[in-house]
Amino acid sequence: MINFLPVIGLEVHAELKTKSKMFCSCHNDPLERHPNTNICPICMGHPGTLPVINKEAVRKVIKTGLALNCQISEHSKFDRKNYFYPDLPKGYQISQYDKPLCLGGFLIIDGKEIRIRRIHLEEDTGRLIHPEGADYSLVDFNRAGVPLMELVTEPDIDSAKEARSFAQELQLIFRYLGVSDADMEKGEMRVEANVSLLQLKPKTQNPKPKTLGTKVEVKNLNSFRAVEKAIEYEVIRQKGILGKGKKVIQETMGWDDVSEVTFSQRIKEEAHDYRYFPEPDLPPLRITKEEVLRIRAGVPELPQNRRTRLIKEYKLEPKAAEVFVTNKDLGEYFEKTVSEFDPHLSKEKLQSLIKLATNYIVTDLQGLLKGALVAGEDFLITPENFAEFISLIYEGKITSKIAKIVLEEMFKAGADPSHIIEEKGLVQMTDEKEIEEIIKEVISQNQKAVEDYKKGKENALQFLLGQVMAKTQGKVNPETARKLLLTKLK
Ligand code: ADP
Ligand code: ZN
Ligand code: MG
């Protein structure tokens, strides 16, 4: 049995979030629905026009490079990549060839270092639309000239799952940095996977040979699922070929999301010669140490750090921490809430409050927050009010049933919880005499159930308890009610 080790390298494109396009002042909005509205003579490549570098885009790439432990090139430049395609109005793409902005970084995935070869800056192309059944195609240039960042890894990834985790972590980092929304469905982030297999000789220890196998490049991966599935498929396909003693052909492949297969697009012999040369219309870039320091100061806490910190600082379960890491806003909300708790409380009490807050945020609040976001409404529950709400539950002032009503009111009106409780008369009943009165009533009105209970029917007790809860509108602690009911029934 021959052993094969998958060898995978990723190329990731991300559209940068800037106000204007890469080399002109056109609005950067590739999702604009009216075709060809965000265009001008520069991004349309009219003769005699001159591009101007978007500094913000350069800074965003450098920021990404710093977050990914890259070296930032002091000297960098743009190059022309020449090819013809109808979505490329100039007949060339301005990109970076031998002097990219960032070199040699890494990202750690599940304890393993994946090296990043380079990150460079280029411009996006337009978009072709092929109306169904028509014998023509349409072209929309809104996206042409949008700043596009390309990141290339070394072939350090060795499974489909790892490739997916890498891409997902990268998306999260782009979002934390605010450099790209990186939504794969919207084409803001696109992944290409290079896949080959290494033949490992049986028995020998660590037999990783120095020369890699022939790779194929899979394009059009528009979701994380597609990244994982396409690589899985390629690994199996190539194992089949090599297992039969045949050779893998170096080619560019597409991914069919419906049939879940890769298919050949072009083989290496037809590969392009892009005739790269330095872009004569743009000055070379010189990036000063001061500028790099300024950009570094703007790099926020990154997801991996936040993940470990949340677990350590708040003793969160990894699952809850993950929710707060992937939903950055929710995580910030959580930390603000915790900071509202009285720091002089005992450690145990503080920890219980944190746990309670975590549960409510992950279950109830998360949905409310998303709802407000989707509706474009302000979120009215301040962390301060929410912290108070959690304290009220913790102290037993409101039952979990009442808590739902209070939270709903806080969401609608933005009032503080003690206000709502008072106004709506939702204070928990604590006077046992008062509760006993109600229990007496329930017992006298439900004699049949009482007899059933005495005959040993457990359901009857649940029924009576339900009656008590209903009569008190949920304002009595269910445990207390149960205890008092049992004594009365005796
Ligand atoms: P190309 O010139 O075909 O673009 P590169 O050497 O520039 O190839 O690498 C492009 C991507 O392919 C990188 O992410 C790199 O890590 C990956 N790669 C290179 N060789 C292999 C290989 N044999 N197997 C898998 N991935 C590879
Ligand atoms: Zn333009
Ligand atoms: Mg390539």
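Each ligand, and each atom within it, is numbered from 1 in the order the structure gives.
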Query raised in the report: Just which atoms of ligand 1 are under 4.0 Å from any heavy atom in Val152?
Result: 13 (C), 14 (O)
Report task. Using a strict 4.0 Å cut-off to heavy atoms of Pro155, name the atoms of ligand 1 that fall inside it. Result -> 16 (O), 26 (N), 27 (C)
Query - Nearest neighbour of atom 3 (O) of ligand 1 from the list Glu154, Lys215, Gln250, on a heavy-atom basis - result: Lys215
Query raised in the report: Any idea which atoms of ligand 1 are less than 4.0 Å away from a heavy-atom of Val7?
Result: 24 (N), 25 (C)
**Report entry** Asn194 N/O under 3.5 Å from ligand 1 N/O
**Finding:** yes
Query raised in the report: Would you say Arg117 touches ligand 1, if touching means a heavy atom closer than 4.0 Å?
Result: yes
Report task. Using a strict cut-off of 4.0 Å, indicate which atoms of ligand 1 neighbour a heavy atom of Gly213. Result -> 23 (N)
Query raised in the report: So among Asn194, Val195, Ile114, Val7, which one has a side-chain contact (heavy atoms from CB on, under 4.5 Å) with Pro155?
Result: Val7
Query raised in the report: How would you list, by chain and number, every residue that makes a salt bridge (Lys or Arg N to Asp or Glu O under 4.0 Å) with Asp183, sequence neighbours excluded?
Result: Lys186
Query - Residues Glu332 and Arg306 bridged, charged N to O under 4.0 Å - result: yes
Query - Polar proximity ligand 1 side, Thr153 side, N/O cut 3.5 Å exclusive - result: yes
Report task. May I ask you to list the atoms of ligand 1 that are less than 4.0 angstrom from any heavy atom of Leu212? Result -> 22 (C), 23 (N)
Query raised in the report: Does any N or O atom in Thr214 lie less than 3.5 angstrom from one in ligand 1, N or O only?
Result: no
Query - Check: Ser196 N/O within less than 3.5 Å of ligand 1 N/O - result: yes
Query raised in the report: Should Lys77 and Asp98 count as an ion pair when the cut-off is N to O under 4.0 Å?
Result: yes
